[in-house]
Amino acid sequence: EALDHLNPTIEYGVTFERGTKVAYGDREHFYISGTASIDRNGEVVHLGSAERQAARTLENIQALLSPHGADLGHMAYLIVYLRHHGDAAKVMRVVKEAVGNETPVVAVKGSVCRPDWLVEIEGVGIKPASNSWPAFL
């Protein structure tokens, strides 16, 4: 959860979580669900601007990762869903600026959850484990 950025999903009647962390002995994986440009009240932010929605979506993903010592640089890949294919170049610029050129990013045209969303992003992050216990006990 990142309640300063995103409201709980239960508030709009869905049964998915925004993200899940799985801790292994040597690494932690972060599975980020489809995330969009919403605020802590569940309201769509930056209506009509795919670029600004992409930036807010990445800010929301960062907010989900931060409490676990991770950031956008830990993302192993991202999938960007676009309502309008014509937004691809400008949205990809925003995404690549945030995650760098080393992170694989795929943009696809697809239906996103809410009619006002122009962008939705999901992905997987991986970072070295922060625990001190051995991988094998």
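Keep in mind that this is a model prediction, so the values were computed, not measured.
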Just wondering, do [Y] and [X] contact through their side chains at under 4.5 Å, heavy atoms?
{"X": "Tyr31", "Y": "Val22", "result": "yes"}
{"X": "Arg93", "Y": "Lys90", "result": "yes"}
{"X": "Arg56", "Y": "Val119", "result": "no"}
{"X": "Leu118", "Y": "Leu82", "result": "no"}
{"X": "Asp71", "Y": "Gln62", "result": "yes"}
{"X": "Cys113", "Y": "Glu120", "result": "yes"}
{"X": "Ile32", "Y": "Glu122", "result": "no"}
{"X": "Trp117", "Y": "Ile38", "result": "yes"}

Roughly how far apart are Asp87 CG and Gln53 CD, rounded to 0.5 Å?
->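 Reported value, rounded in 0.5 Å steps: 9.0 Å.
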
Distance (rounded to the nearest 0.5 Å) between Glu59 CD and Asp39 CG =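 If I round to the nearest 0.5 Å, the distance is 10.5 Å.
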
Asn60 versus Ala36, closest heavy-atom pair with distance =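 Smallest heavy-atom distance, with atoms named: ND2-O, 2.9 Å.
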
Least distance between heavy atoms, Glu28 atom then His68 atom |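 It is OE1-O, 4.1 Å.
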
Throw together a table of side-chain donor-acceptor distances under 3.5 angstrom for residues 101-111, partners on residues two or more places apart or in other chains.
from   : atom 1 : to    : atom 2 : distance (Å)
Thr103 : OG1    : Val99 : O      : 3.4

Please check if Val112 and Val45 belong to a single hydrophobic cluster, counting links between Ile, Leu, Val, Met, Phe, Trp and Tyr side chain heavy atoms closer than 4.5 Å.
->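 No, separate clusters.
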
Tyr81 with Val44, same ILVMFWY side-chain cluster at under 4.5 Å =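 Yes, because Tyr81 and Val44 connect within a single hydrophobic cluster, where side-chain heavy atoms sit under 4.5 Å apart.
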
Could you walk me through whether Tyr24 and His29 pass the ring pair (Phe, Tyr, Trp, His ring centres under 6.0 Å) check?
-> CA-CA 8 Å; Tyr24 298 94; His29 288 205; 5.0 Å; yes

Candidates Thr57, Leu47, Leu58 - the one meeting side chain to side chain contact (heavy atoms under 4.5 Å, CB included) with Ser37 =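 Answer after filtering Thr57, Leu47, Leu58: Thr57.
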
I would like to know whether Ile121 and Ile61 meet side chain to side chain contact (heavy atoms under 4.5 Å, CB included); could you show each step before the answer?
-> CA-CA 9 Å; Ile121 301 174; Ile61 292 171; 3.8 Å; yes

